[in-house]
There are 4 protein chains.
Amino acid sequence: MVGRGRPRDAEVEGKVLEAAVAELRQRGYEGLAMDRVAERAGVAKTTIYRRWSSKAELVVALITHLRDDVPFEPGDDSRRDLTALVTAIAARLTSTPTTLVADLAAAAARDPRISESVRTLWAARHRAVTEVVAKAQQDGLVLTHVAPAVLVDQLVGPLYYRLLVTGEPLTPEYARTLVTSVLGPSRSDQES
Amino acid sequence: MVGRGRPRDAEVEGKVLEAAVAELRQRGYEGLAMDRVAERAGVAKTTIYRRWSSKAELVVALITHLRDDVPFEPGDDSRRDLTALVTAIAARLTSTPTTLVADLAAAAARDPRISESVRTLWAARHRAVTEVVAKAQQDGLVLTHVAPAVLVDQLVGPLYYRLLVTGEPLTPEYARTLVTSVLGPSRSDQES
Amino acid sequence: MVGRGRPRDAEVEGKVLEAAVAELRQRGYEGLAMDRVAERAGVAKTTIYRRWSSKAELVVALITHLRDDVPFEPGDDSRRDLTALVTAIAARLTSTPTTLVADLAAAAARDPRISESVRTLWAARHRAVTEVVAKAQQDGLVLTHVAPAVLVDQLVGPLYYRLLVTGEPLTPEYARTLVTSVLGPSRSDQES
Amino acid sequence: MVGRGRPRDAEVEGKVLEAAVAELRQRGYEGLAMDRVAERAGVAKTTIYRRWSSKAELVVALITHLRDDVPFEPGDDSRRDLTALVTAIAARLTSTPTTLVADLAAAAARDPRISESVRTLWAARHRAVTEVVAKAQQDGLVLTHVAPAVLVDQLVGPLYYRLLVTGEPLTPEYARTLVTSVLGPSRSDQES
DNA sequence: GGTTAACCGAGACGGTACGTCTAGTCTTGCG
DNA sequence: CGCAAGACTAGACGTACCGTCTCGGTTAACC
């Protein structure tokens, strides 16, 4: 007895998320009004609440929707791969409104369901890093014998730390320095 | 023309900040209601707004008020000092409600004044780390030649990263591993 | 071109009306939600709207459905008959939730179709009174020469007045007093 | 400790009630939207809810506000007085939207506080009738020896009965007939 | 010692948003 | 067709919060 009743309008989800993203960019999280989202999406407020039980959940979905996993295929040069990955993550964080990242963290700290959702998002984004780090370690490129997970934390963690805590900029140079710190200087770095 | 009129009640500031801290811990930034702060402090809302022109400014003041710098004097053994420091920071973060940290970050991301205030707070807490790292580097304990600031980020950043992003626990072992990763294994570690 | 398509389920009408009556008793007219009626009746909302085009019309039908005329055969003694009738009406009103009566009046005041339906209901219930009053008047039992309809109003009206307006109780004594006031005291009353 | 805080704006109450009356006349009870009342009165919705906790209570207040007790001084002729009073009540009921009367009854049947309020309203309006009836009875004008309260019910009750139940019109003639039925025919009536 | 200036408390007020509820309509697929 | 299931529009309801404003009443400093 599946598929009874009127099926959900497939367009709704997209329209709402799009409207929400636009509003979010324009007025920030606090300024994101459900009424306006509804109107902008050309949809009744009830329809939004049927899918997402609160503003917070809508924003979570919105973020997930933003996920555009660029599949990453590792090359031969782990150092180059790692630098590219960390730089990409930094770039992405930079282009995302900081409030969003912070609000997600705050919402996650309060609601375990959101927490899970948000963590899944980040996990997906950082997975490739773990793989490349493990590979680099097998190749003997890493200085210390520490669990790969810790190294990942030391590559990615500082990005969030700067973004959320110190407010310093996430430049490509910074990303490269992080990699250098973990892998040691490359030959070209040494020469310079 | 100084000192005319009724002087401000000296106790008010303290009472309000205390009440605000309590509310912030309980309900987070969004849930921090000025009405409740006023009631809890036994003070009129007007009195609060006379001192701080908005909720945001109140939180700024509140954060500054939180600063309770435990003075740290470095010893001979930089590795031991560093481990102690990172462990202490981790312990402090663990004992602080995660929502508080996240909400501060969120508030900072929204309001530059809060941002500055929050950063000053963290900077005070992390200053000692920078000093010890620099000393360790001078002593030749650090593997790579990277700016001390970056090393600090890689020691402290992962703590916030785990707390706010991945949700993994901040154990003393983790703190020691972070130090090991930066300084390389200690002699005792190597022996084991 | 008769009997095309699936025939209407004969049970539906009864189930819906019954459910609607129950809801009406519990929650009153305003609180009568079509969704709840549908669910309680085990019927789709669409099915209800196919038969009755609005909440108002459903209530109309519902009222008609409530009609359960207890046939009354007059005896020799008009005074006794009248007393019995008025007492019976009072008892029935007492056992009916006051909200129901009031809501019916309110709905009637709003919608002429409901109005007609409700009036038919009351008329059926009060018809016997008119007959007996007319008979009593012919027998010379009534003090004044007033149209029977007015006397009926003065016998039945006070019941609704007390119920809806003053909130005073409808006791059998009250019913008898009403009859006494219209017919004059009976011989036994006079003796006492 | 009187008169603390900002005093209530004296105009608000009047403006809101006026706006509410206008809305009520235009769109009926169900169509009376608090948002529109607020806008029309040039007042925030919160301000309305601070004074009246619900739509129902606002309407009650509205009715009470409508109270314009025409003080009645009885003359020598009780029959004339009574006729005038009953006619006045009938006229007033006729000029009031029926929905209002019915809705008040319905609201009263649900909420005891409203009930009390409404009854007070009616009681004030009907008080004079009781007095005049009692006087008429002392003067020997009443046919039967029944409690004055019952006679009042039989004079006023039929008006509400016709209005809410049978829907028949409340003409001055009807009012006079009611009085006649209770007092017996006047001399002039007999002559005619 | 009266005037004046600034404070304090209480709380009303305008405004904005949230999340809930309902009436009625519309869209499927099954019988 | 009828029916069940349930999505959809439109819009009211009552609550919460923010920041402003208006009072009556204090508490000093100054004339």
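Here is how names work: the chains are called A, B, and so on, in the same order as the sequence lines, proteins then strands, and each is numbered from 1.
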Quiz item: Do E13(A) and W52(A) come close enough that some side-chain heavy atom pair is under 4.5 Å?
Solution: yes

Exercise. Send over the distance from E30(A) CD to dC18(E) C1', rounded to a whole Å.
Key: 13 Å

Quiz item: Side-chain contact, heavy-atom cut-off 4.5 Å: L104(C) with V59(C)?
Solution: yes

Self-check item: Stretch residues 47-60 of chain C: residues that reach within less than 4.0 Å of DNA chain F through a heavy atom
Solution: T47(C), R50(C), R51(C)

Quiz item: Rounding to a whole Å, what distance do you find between D35(D):CG and dG11(F):C1'?
Solution: 9 Å

Quiz item: Touch check for G42(A), heavy atoms < 4.0 angstrom, all strands: base, sugar-phosphate only, or nothing?
Solution: sugar-phosphate

Quiz item: Who pairs with A44(A) by side chain to side chain contact (heavy atoms under 4.5 Å, CB included), at least two apart in sequence or on another chain?
Solution: T46(A), T47(A)

Quiz item: Between D103(C) and E30(C), is any pair of side-chain heavy atoms under 4.5 Å apart?
Solution: no

Exercise. Could you say whether R27(D) or K15(A) is positioned toward the 5' end of DNA chain F, judged by the nucleotide with the nearest heavy atom to each?
Key: K15(A)

Self-check item: Test salt bridge (charged side-chain N to carboxylate O under 4.0 Å, His left out) applied to R40(C) - qualifying residues, sequence neighbours left out
Solution: E23(C)

Practice problem: Can you tell me the distance, in whole Å, between the CE atom of M34(A) and the P atom of dT16(E)? | Solution: 19 Å

Quiz item: In whole Å, what is the span from the CZ atom of R6(A) to the C1' atom of dT25(E)?
Solution: 8 Å

Exercise. Determine whether more than 12 heavy atoms belonging to other residues, nucleotides or ligands lie under 6.0 Å from atom CD of E39(C).
Key: no

Quiz item: What about T46(D), does its side chain sit under 3.5 Å from the base of dA12(E) through a donor-acceptor pair?
Solution: no

Practice problem: Between V12(C) and A33(D), just flag the one whose closest nucleotide in DNA chain F comes earlier from the 5' side. | Solution: V12(C)

Practice problem: Would you mind reading off the distance between E39(B) atom CD and dA16(F) atom C1', rounded to a whole angstrom? | Solution: 15 Å

Self-check item: Position toward the 5' end of DNA chain E (nearest nucleotide), P7(A) or R36(A)
Solution: R36(A)

Quiz item: Would you say the side chain of K45(D) and the base of dG15(E) hold a donor-acceptor pair, judged only by whether the two atoms sit under 3.5 Å apart?
Solution: no

Quiz item: Whole-Å distance between dA6(E) C1' and D9(B) CG?
Solution: 13 Å

Quiz item: In whole angstroms, how far is the P atom of dC3(F) from the CZ atom of R8(C)?
Solution: 6 Å

Quiz item: Rounded to whole angstrom units, what separation is found between the CD atom of E23(A) and the P atom of dT16(E)?
Solution: 15 Å

Quiz item: So with a 6.0 Å cut-off around CD of E18(C), is the heavy-atom count from everything else above 12?
Solution: no

